[in-house]
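A quick write-up on the structure given underneath.
Just so you know, ligand 1 is whichever comes first in the structure, and atom 1 is the first atom listed for that ligand.
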Amino acid sequence: MPRRSSSDLKSFLAELVDRYPGQPEFLQAVDDVVTEVWPLVEDTKAYRDNEILRRIVEPDRIVSFRVVWQDDRGRPRVERGWRVQHSNAIGPYKGGLRFSPNLTEGVLKFLAFEQTFKNSLTGLPLGGAKGGATFAPRGKSDAEVMRFCQSFMTELHRYIGPNEDVPAGDMGVGAREIGYLFGQYKRLANRFEGALTGKGLSYGGSEVRSEATGWGTVFFLKAVLERADDGLKDKTVSISGAGNVALHAAQKAVEEGAKVVTLSDSEGLLHAPDGFDPELLERVMTQKLERRGPLSAVAEGSKTLEFHKGRTPWGVECDIALPCATQNELDGDDAKKLLQGGVRYVIEGANMPCTPDAVAAFRKAKIGFGPAKAANAGGVAVSGLEMAQNSARLSWDEARLTSQLEDIMVEIHDRCVADGEDRNGHVDYVRGANIAGFRKVADAMVAQGVV
Ligand code: GLU
């Protein structure tokens, strides 16, 4: 088959825009990967002959279903649920579940697509998937969350299993939801097996799983810094978000001697000009992860904390920014402000938090920019280790899992360097992550034939 040119790249992407006009996040994620791997595909006959790109942008399967549940007043409530099984070329489908009222199939397609390459980068045998529902856990009682999870799993259980598809948590799905989902899975399947990860420690969960994404992001950051002969000590770090990823990233960064000055939630920015100390972070964790209350309450009566309603962290000067909230939360203008303020490293803890304009600005400025599929792979990596422990019917201790997580993040970093370093020694981590993540999946697809 003939080679393709860059005008073919444009028409390839344009065809996809025509096919999925209502899925901007999916198109954004595809554009990022396909643009980067295009020259590799042009140079690799097997990829061209096997139409790897056309095949990899179409998820293997999307299951879409109605979920009816009863609220505390006995009223039936209706949500939409999905599981997007993107690719099982290198392992069983794997990826989190997101509960959010404005969730769409397009957002889940983007997340599942990204997950495939992220999971590939971990070096573990994990395919890519994502799922979720339009359910909003905020303001719901525990009993309502349980009934919803049971109803959701009643449909989902047909499509998952330890060798088929292994969901985990994501936004809106934490330890509580995984517990209810696992309970219902076990009831329906009549099997105690690792069909979910992020489980509680008393029933097959792994040490370090809840910390893994945030800690992993900081381990990745440390590897980037080390390569630049730099370190975290005394660096000013701005973090967005106040969920599981943001708070554990803050915890690890503080432990490493950095000064973390911001956190945020949907209501606004919590600014700590002198930095958060470990006790203060502990308080924020209780407020956000256990009480599920607003971040603003932490600042009430405090002399050292300021809460700014409606603001994001990106106006605060920092050396390092860790966007850990949600997709497209940091745009071109924010990137400009950060660069003017002297930011030197931006490492993505959330999935695709920087818009294409922001990514372009950081790459142009040649600062250290770590894309999500590399930098936030720590969560799914420890999920992979949870699967291994479940299969072996063993549990490993915290020290072992922490060091395995750090090793995996350093290996991911090194894979990005191997494929992203230019002749002058500058590393484009976006290019490196996309090429290294894609190549393994593409090779597996070629080897397995037209399936
Ligand atoms: N939701 C997480 C992610 O975005 C973790 C997925 C998993 O552990 O399967 O990678």
Run the ring pair (Phe, Tyr, Trp, His ring centres under 6.0 Å) check on Trp69 and Phe152 step by step: do they pass?
CA-CA 9 Å; Trp69 59 285; Phe152 180 78; over 10 Å; no

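When the shell of 6.0 Å around CZ of Arg292 is examined, it contains more than 12 heavy atoms from other residues, nucleotides or ligands.
Nearest heavy atoms, Arg209 versus Glu386: CG-OE1, 3.8 Å. The two residues Leu269 and Ser264 make their nearest non-hydrogen contact at CA-CB, 4.2 Å.
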Write out each pair where an N or O from ligand 1 and one from the protein are under 3.5 Å apart, with the distance.
from	atom 1	to	atom 2	distance (Å)
ligand 1	1 (N)	Lys130	NZ	3.3
ligand 1	1 (N)	Gly169	O	3.0
ligand 1	1 (N)	Asp170	OD1	2.8
ligand 1	4 (O)	Lys118	NZ	3.0
ligand 1	4 (O)	Lys130	NZ	3.0
ligand 1	4 (O)	Asn351	ND2	3.2
ligand 1	8 (O)	Arg209	NH2	2.9
ligand 1	8 (O)	Ser383	OG	2.6
ligand 1	9 (O)	Lys94	NZ	2.7
ligand 1	10 (O)	Gln115	NE2	3.1
ligand 1	10 (O)	Lys118	NZ	2.8

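A donor-acceptor distance shorter than 3.5 angstrom exists from the side chain of Asp334 to the backbone of Asp331, with no hydrogens or angles considered.
A search for salt bridge (Lys or Arg N to Asp or Glu O under 4.0 Å) contacts involving Arg415 returns Glu411, not counting sequence neighbours.
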